[in-house]
Amino acid sequence: MSYWLLKSEPDVYSFDQLLAEGETVWNGVRNNAARLHLRAMNVGDEALFYHSNIGKEAVGLCRISREAYPDPTDESGQWVAVSVQPIRKLARPVTLAAMKAEPALAEFQLIRQSRLSVVPVRDDEWTTILRMAG
DNA sequence: GCCAACGTTGGC
DNA sequence: GCCAACGTTGGC
C-alpha cells in the first residue's frame, strides 16, 4: 500500500464537502508528474487531504476508491482521474509550517516541490504526520 | 535543440 | 499583491 497527499483549495472543494458526498472524482490534474502519481495509485491506498492557499494544512484522510481512468473533464483523453472516499478528519490539522519545522519531513516532496498537486508520501513521513495529527 | 517569454501554482 | 518555482510555448 502506498501513501499520497492530494491538494485542494478549500473554497473550490473542501474536505467537509468530501465527507458530505462520500466520494468524489479527483479530476482536473494537468501536470505530468502529478499524472504519473495518479497512475501509480491503487485502490485502498490512503491519502492526506491538504487545503492549499487557505489553511495550508492537512485536514483529513481519504482512500483511493477507483484507480486511474480517463478524466471526464478532459476532451483530449490524455489526462486521468481517480476516485476518492473520505476516511476521517484529523484530530488536529497539520500545518505546512509545522511540517517545515519537522526535521523528519525535510525531504517531503510537498515542501521540496510546492507546486505539485499530487504528492507521494513515504511510509516514515506518513507515520510522522499522523503522529503530529494526534 | 536551445532559450526567452509567458502562464500557473501556491506560499508569504 | 508580490514573487519564486516550474512547466509550456514558440521563434530561431
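Order of the sequence lines sets the chain letters (A, B, ...), proteins ahead of strands, with each chain counted from 1. Note that the structure is a prediction, hence the values are computed from the model and not measured.
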Distance, rounded to the nearest Å, where [X] contributes [atom1] and [N] contributes [atom2]:
| X | N | atom1 | atom2 | value |
| --- | --- | --- | --- | --- |
| A:Glu9 | B:dG10 | CD | C1' | 8 Å |
| A:Gln109 | C:dA5 | CD | P | 16 Å |
| A:Asn53 | C:dA4 | CG | P | 18 Å |
| A:His51 | B:dG11 | NE2 | C1' | 17 Å |
| A:Arg35 | C:dC6 | CZ | C1' | 16 Å |
| A:Tyr50 | B:dG10 | OH | P | 9 Å |
| A:Lys7 | B:dT8 | NZ | P | 17 Å |
| A:Ile54 | B:dG10 | CD1 | P | 12 Å |

* Under 3.5 Å, is there a donor-acceptor pair linking the side chains of A:Arg30 and A:Ser76? ->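 There is no such pair between these side chains.
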* **Any A:Lys56 side-chain nitrogen or oxygen under 4.0 Å from OP1 or OP2 of B:dG10** =>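 False: A:Lys56 side-chain N/O out of range (4.0 Å or more) of B:dG10 OP1/OP2.
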* Does B:dC12 have OP1 or OP2 sitting under 4.0 Å from an N or O in the side chain of A:Lys100? ->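 Checking A:Lys100 against B:dC12: at least one side-chain N or O falls below 4.0 Å of OP1 or OP2.
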* Asked: Should A:Asp124 and A:Glu107 count as side-chain neighbours, where that means a heavy-atom distance under 4.5 Å?
  ->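 No, too far: nothing below the 4.5 Å cut-off.
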* To do: Determine the interplanar angle of the A:Trp26 and A:Tyr13 rings, folded into 0 to 90°, and report it as parallel if under 30°, tilted if 30 to 60°, perpendicular if over 60°.
  =>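 Correct class here is perpendicular.
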Would you mind writing out the side-chain donor-acceptor pairs for residues 50-60 of chain A within the sub-3.5 Å range, not counting sequence neighbours?
from    : atom 1 : to      : atom 2 : distance (Å)
A:His51 : NE2    : A:Phe15 : N      : 3.1
A:Asn53 : ND2    : A:Glu9  : OE1    : 3.4

